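Below you'll find the structure, written out as structure tokens, and then a few comments.
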Amino acid sequence: MVNNKGLGRGIEALFADNDIDANSEDVLDLELSKLSPNPFQPRTHFDTEALKDLTRSIEKSGVFQPIIVRKKIGQNDKYEILAGERRFRASKMAGKEKIPAIVRDASDEQMMEIAVMENLQREDLNPIEEAEAYNTLMTKLEITQAEVSKRLGKSRPYIANYLRLLGLPTEVKEMLTKNQLSMGQARTLLSVKKKDDLIRLAKKAYDQTLTVRQLESEIKALGTSPAKSKKPRRSTKKSPFLRASENELQDKFQTSVSISNSRSKKGTGKIEISYASDDDLNRILQILDINLD
């Protein structure tokens, strides 16, 4: 047995209520065959070359930093990985039979937070994986964007911008996953209403390596052709009451809300509530106490 001295404080913070001293814990050698990945792991793509580099290092020098696991519920001889899946994968590739590990008690909630936090600290999630990680925390733990922001140390606008990516067409999300589009390009494309136009411009941005500014110009051109030209709408200034109402609803639903007056009938209007995915829509319906089952 050896003592562990090197766990990150970010992950340690999630175990503050468990009275665990990371500097006095035993490290066990566990069989790889008894381990399985964190079921809440947000990362679906692992860099092949980086994994090969880690494999070569483990072949030569072994695993220096223990992984963290919990006992699998109902199977005391099996374990689930809380942190360290890359080391687990590389050890298997290196032909190892065992890996150093620390066994901890952890709830599903902690496992989700650890999986997200570990990958965010490494900064190797692609934008869609990161967005899905935030959405998973919100839907599985039934928490708001504000609570996700507080737990992970990210601003609310930052979280909201990523969640909006989940509303992109599948083809465009795949391009983001493959790093064929930047986060800036994807955010710019969100303003395109028609799916076909959005996909076409995404492919054009990749094929012609358009900058965000060039992409913005392409999007503006969509509405300036003679056949589609329209008279500019007369801007209407919202009353303080409407602005305050929007702010209150945004805080309640943790998403963008727009209230507008009707031009044809005084005292009427509409409320628009944005959602980033099917799960996000279900979350909003729950807040409204609407059950469609």
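Being a predicted model, the structure only gives us computed values, none of them experimental. Start at 1 with the first residue, then count along the sequence.
- Residue-environment remark: CZ (R187) stays at or below the threshold of 12 foreign heavy atoms within 6.0 Å.
- Linking ILVMFWY side-chain heavy atoms closer than 4.5 Å, directly or via other members, places Y158 and V212 in two distinct hydrophobic clusters.
- Under the 4.5 Å side-chain criterion, counting only non-hydrogen atoms from C-beta, R200 is not in contact with K194.
- Looking at every heavy atom in both residues, T211 comes nearest to Q214 through N-OE1, 2.9 Å.
- Across all their heavy atoms, I102 and D26 have their closest contact at CG1-O, 3.9 Å.
- Remark: side-chain polar atoms of S57 are not paired, donor with acceptor, to backbone N or O of D53 under 3.5 angstrom.
- Rounding to the nearest 0.5 Å places OG1 of T55 at 10.5 Å from CD of E49.
- The neighbour count for D207 CG, taken as heavy atoms of other residues, nucleotides or ligands under 6.0 Å away, is above 12.
- Rounding to the nearest 0.5 angstrom, the gap separating the CD1 atom in I259 from the CD1 atom in I273 is 9.0 Å.
- Considering every non-hydrogen atom in both A106 and R70, the closest pair reads O-NH1, 2.9 Å.
- Using a 4.5 Å cut-off on side-chain heavy atoms (C-beta onward), Y134 and K154 make contact.
- Contact between A50 and R86 at its shortest, heavy atoms only, is O-NH2, 3.7 Å.
- By the neighbour-count criterion of 12 heavy atoms within 6.0 Å, atom CD of E97 is sparsely surrounded, having that number or fewer from other residues, nucleotides or ligands.
- Between the NZ atom of K203 and the CE atom of M175 there is a distance of 7.5 Å, given to the nearest 0.5 Å.
- Distance alone, capped at 3.5 Å, places no donor-acceptor pair between the D197 side chain and the V192 backbone.
- A donor-acceptor pair under 3.5 Å is formed between the side chain of E147 and the backbone N or O of T144.
- Checking E132, K173, M183, E130 one by one against L165, the side chain to side chain contact (heavy atoms under 4.5 Å, CB included) holds for a single residue, M183.
- In this structure, Q185 contributes its side chain and L210 its backbone to a donor-acceptor pair below 3.5 Å.
- The nearest pair of heavy atoms linking N38 to E85 is N-OE1, 4.4 Å.
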query = Where do L176 and N126 land on the side-chain contact (heavy atoms from CB on, under 4.5 Å) test, with the steps shown first?
reply = CA-CA 7 Å; L176 259 176; N126 65 56; over 6 Å; no
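- Counting heavy atoms from C-beta on, the side chains of V103 and K71 come closer than 4.5 Å.
- L215 has its side chain within reach of L201: a pair of non-hydrogen atoms, C-beta onward, lies under 4.5 Å apart.
- Of the possible polar contacts, one joining the S91 side chain to the R87 backbone as a donor-acceptor pair under 3.5 Å is found.
- Here NZ of K195 is found 11.0 Å from CG of L168. Values are rounded to the nearest 0.5 Å.
- Separating the CD1 atom in I58 from the NZ atom in K96 is a distance of 8.0 Å, to the nearest 0.5 Å.
- Considering CG of L28 and OH of Y79, their distance stands at 7.0 Å, rounded to 0.5 Å.
- At a threshold of 4.5 Å between side-chain heavy atoms, the hydrophobic network of Ile, Leu, Val, Met, Phe, Trp and Tyr places I99 and F64 in two separate groups.
- Contact detail for L181 and A202: the closest heavy-atom pair is CD2-O, 3.7 Å.
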